[in-house]
Amino acid sequence: MGAVTARIQAPKGTHDLLPPESEKFAAVEATARRVFGAHGYGEVRTPTFESTELFAGSVGETTDIVHKEMYTFLDRKGRSLTLRPENTAGVVRALVEKGIQDVPKPIRLWYAGPQFRYEQPQAGRYREFRQIGVELLGVPSAAGDAEVLAMLFAFLGELGLTDLIATVNCIPKGEARAAFSRALQEHVRPHAGSLGADDRKRLDENPLRLFDSKDPETRRILEGAPATLEFLDDASRAHHEELKNLLPRLGVRFVESAGIVRGIDYYTLTVFEVASERLGAQNAILGGGRYDGLVADLGGPPTPAVGFAIGEDRLVEAMTSDVRPPRTLFAVIPDGPAEFLYALGVAGEIRRLLPDAVVESDLLGRGIGKGLGRASQFAAHPDRHAARIARVNAVLLGSREREADTVTLKDLATGAQATFPRAQLPERLAGRER
Ligand code: AMP
């Protein structure tokens, strides 16, 4: 093996998460587990790669995701595999494979994990990104859509995001969807000459996908397009009206918009996005909707379903509050190498006494003064430590302490300092955890 000469960098469109950033992601995921768990949702983990045909047959052949953005490769036996661009197809595949007909309904699942799309990287858009999502299967009524949206707002509220507004639309299904597609084609066809190649293909093959276009000319043509809501059959309209009736009563702020069609083929009826007003409308942090046909499309019995996927990277970027739980730091500072063993023993004892504290030994042996200086930074600068440090106590261990088997404890918030026998640690530390 030759020496590596050029410094290797992370692949384009990926980003590393190091502390404290990684701890913020972990805190968001812990909040998801708590809030979704309190609604009866259990975690599902599916493979990061799946058979390519799973996505072609669910997300849709003509969507940008499948058409342009998939990381597809052949394995050593020539099987076509794809790094998952989203997680719903994998979850449904897993349930069908397990025998969804035998799983008691409703089925409530959530997930968090990386997704992969070959997109042009820019702010908030990566090639490997993380999504947190929820799937509710087996509930046909708008009450299911409402539960999912209300739970979503509860989750985002816990993260300090309160300036939220959902945009909701209803996409016709079956014959009504075909009629809407035809009407859309009739509206756009006279302008076909000014469409780009991609959008012309969409016009012919899957006109609903025109709503995904970022081309300003296409967007302008769509402004006067027929509205999805005018094409709903009676049952779909009743579903949509019921949802609109439920949402405000559950504290979910929303507006209705015919322009939200969403870039995935499996959606039927309800689709929604949620934006934070502060971030601006183009920065949707999540999308979701109902996918009543997907389970059957993937070989299972007809099963209604609704869910959403949040872009976790964008979510963390949008958060202004620090959701890492506040911790007390015990900075254990041996004066020199002769105190290292003593320090490691005292640190272990404090950890056993205060399981929620962060107990860290400064093992550089550069003296108590320098160790104290470093420790005192953490409460003032929350991003210098992996944990969010609310309070700092220093445990000073010099030769005197080691020889007499004592401990000097200094509370950096008050400056109060006391030396006492190590055996007194339990009573001296009582109540110091927070
Ligand atoms: P989608 O699966 O396309 O409905 O996307 C759901 C959410 O995932 C979006 O609202 C974004 O927050 C996030 N997302 C989608 N693509 C990316 C990407 N390339 N980079 C970062 N986040 C993304």
Side-chain angles (χ1 to χ4, degrees), residues 4-29 32 45-56 58-75 79-91 111-133 159 196-199 201-202 209 211-216 218 262-266 273-276 279-288 308-319 383:
V4 178
T5 45
R7 190 139 42 104
I8 297 170
Q9 297 188 326
K12 182 171 174 181
T14 67
H15 61 143
D16 302 309
L17 293 178
L18 295 164
E21 208 55 20
S22 51
E23 295 294 332
K24 292 178 185 168
F25 279 71
V28 166
E29 288 155 25
R45 299 189 193 197
T46 63
T48 41
F49 59 87
E50 297 271 1
S51 295
T52 301
E53 61 195 323
L54 173 66
F55 302 112
S58 56
V59 175
E61 290 278 13
T62 58
T63 60
D64 272 3
I65 295 178
V66 169
H67 190 55
K68 293 194 220 154
E69 297 172 359
M70 293 210 302
Y71 276 94
T72 298
F73 58 96
L74 296 181
D75 74 3
R79 288 172 286 237
S80 181
L81 299 172
T82 293
L83 299 183
R84 63 184 184 198
E86 57 93 59
N87 221 144
T88 298
V91 169
Y111 59 79
Q115 319 294 334
F116 307 86
R117 294 183 196 174
Y118 196 93
E119 293 195 83
Q120 214 35 55
Q122 49 180 275
R125 179 168 300 153
Y126 308 103
R127 290 184 173 175
E128 182 185 24
F129 59 99
R130 295 148 193 87
Q131 284 185 337
I132 296 179
L159 299 177
D198 278 356
D199 286 344
K201 194 163 143 68
R202 284 169 163 155
R209 295 276 69 82
F211 286 96
D212 297 337
S213 175
K214 294 175 186 99
D215 184 337
T218 306
R262 307 207 25 76
I264 298 181
D265 274 355
Y266 52 63
E273 292 182 352
V274 173
S276 151
L279 272 183
Q282 76 281 24
N283 259 326
I285 50 180
L286 67 95
F308 60 75
I310 307 175
E312 192 180 358
D313 309 79
R314 287 189 199 172
L315 176 64
V316 172
E317 282 160 26
M319 282 172 10
D383 276 1

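Quantities reported herein were computed from a predicted structural model and do not represent experimental measurements. Along the sequence shown, residues carry numbers from 1.
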inquiry  = With salt bridge (charged side-chain N to carboxylate O under 4.0 Å, His left out) as the criterion, how do Arg209 and Asp64 come out once you've worked through the C-alpha distance, each side chain's angles and the decisive distance to 0.1 Å?
reply    = CA-CA 9 Å; Arg209 295 276 69 82; Asp64 272 3; over 6 Å; no
ask   = Given the rule in the side chain to side chain contact (heavy atoms under 4.5 Å, CB included) test, do Ile285 and Met319 qualify, once you have shown the distances and angles that lead to the verdict?
value = CA-CA 11 Å; Ile285 50 180; Met319 282 172 10; over 6 Å; no
request  = Could you walk me through whether Val316 and Arg130 pass side chain to side chain contact (heavy atoms under 4.5 Å, CB included), step by step?
outcome  = CA-CA 11 Å; Val316 172; Arg130 295 148 193 87; over 6 Å; no
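Distance check, rounded to the nearest 0.5 Å: OG1 of Thr72 to CG of Leu83 gives 8.0 Å. Summarising the geometry, atom CG belonging to Leu315 is positioned 12.5 Å from atom NZ belonging to Lys24; distances are rounded to the nearest 0.5 Å. Distance check: Phe55 CZ to Arg84 CZ gives 8.5 Å after rounding to the nearest 0.5 Å.
Ring pair Phe25/His15 is perpendicular by interplanar angle, where above 60° counts as perpendicular and below 30° as parallel.
Side-chain contact check for Pro114 versus Thr48: some heavy-atom pair is nearer than 4.5 Å. The closest side-chain heavy-atom distance from Glu29 to Glu312 is below 4.5 Å. Looking only at side-chain heavy atoms (C-beta outward), Asp212 and Thr63 stay at 4.5 Å or farther from each other. At least one side-chain heavy atom of Val59 sits less than 4.5 Å from a side-chain heavy atom of Tyr266. Side chains of Thr82 and Phe116 form no contact here, defined as non-hydrogen atoms less than 4.5 Å apart. Counting heavy atoms from C-beta outward, Asp198 and Lys214 have side chains that stay 4.5 Å or more apart.
Across all their heavy atoms, Asp16 and Ala10 have their closest contact at OD2-CB, 4.3 Å. Nearest approach of Ser80 to Thr52, heavy atoms of both residues: OG-OG1, 2.7 Å. Between Glu128 and Tyr126, the shortest heavy-atom distance links the atoms O-CB, 3.3 Å. Between Ala112 and Ile132, the shortest heavy-atom contact is CB-CG1, 4.0 Å. Taking every heavy atom of both residues into account, Ile65 and Pro85 meet most closely at CG2-CB, 3.5 Å.
Using modelled atom types, one side-chain atom of Arg127 and one backbone atom of Glu119 make a donor-acceptor pair closer than 3.5 Å. Between the side chain of Ser51 and the main chain of Glu53, no donor-acceptor pair closer than 3.5 Å is present. The closest donor-acceptor contact from the side chain of Arg314 to the backbone of Gly124 lies under 3.5 Å. Under a 3.5 Å cut-off, the side chain of Ser58 and the backbone N or O of Ala89 do not form any donor-acceptor pair. The backbone N or O of Gly113 sits less than 3.5 Å from a side-chain atom of Gln115, completing a donor-acceptor pair.
Atom CZ of Phe49 has 12 or fewer heavy atoms from other residues, nucleotides or ligands within 6.0 Å. Within a 6.0 Å radius of CD in Gln9, other residues, nucleotides and ligands contribute 12 heavy atoms or fewer.
A salt bridge links Asp199 and Arg202; the closest N-O separation between the charged side-chain nitrogens and carboxylate oxygens is under 4.0 Å.
One side chain, Asn87 or Thr46, offers a donor N or O that lies under 3.5 Å from an acceptor on the other.
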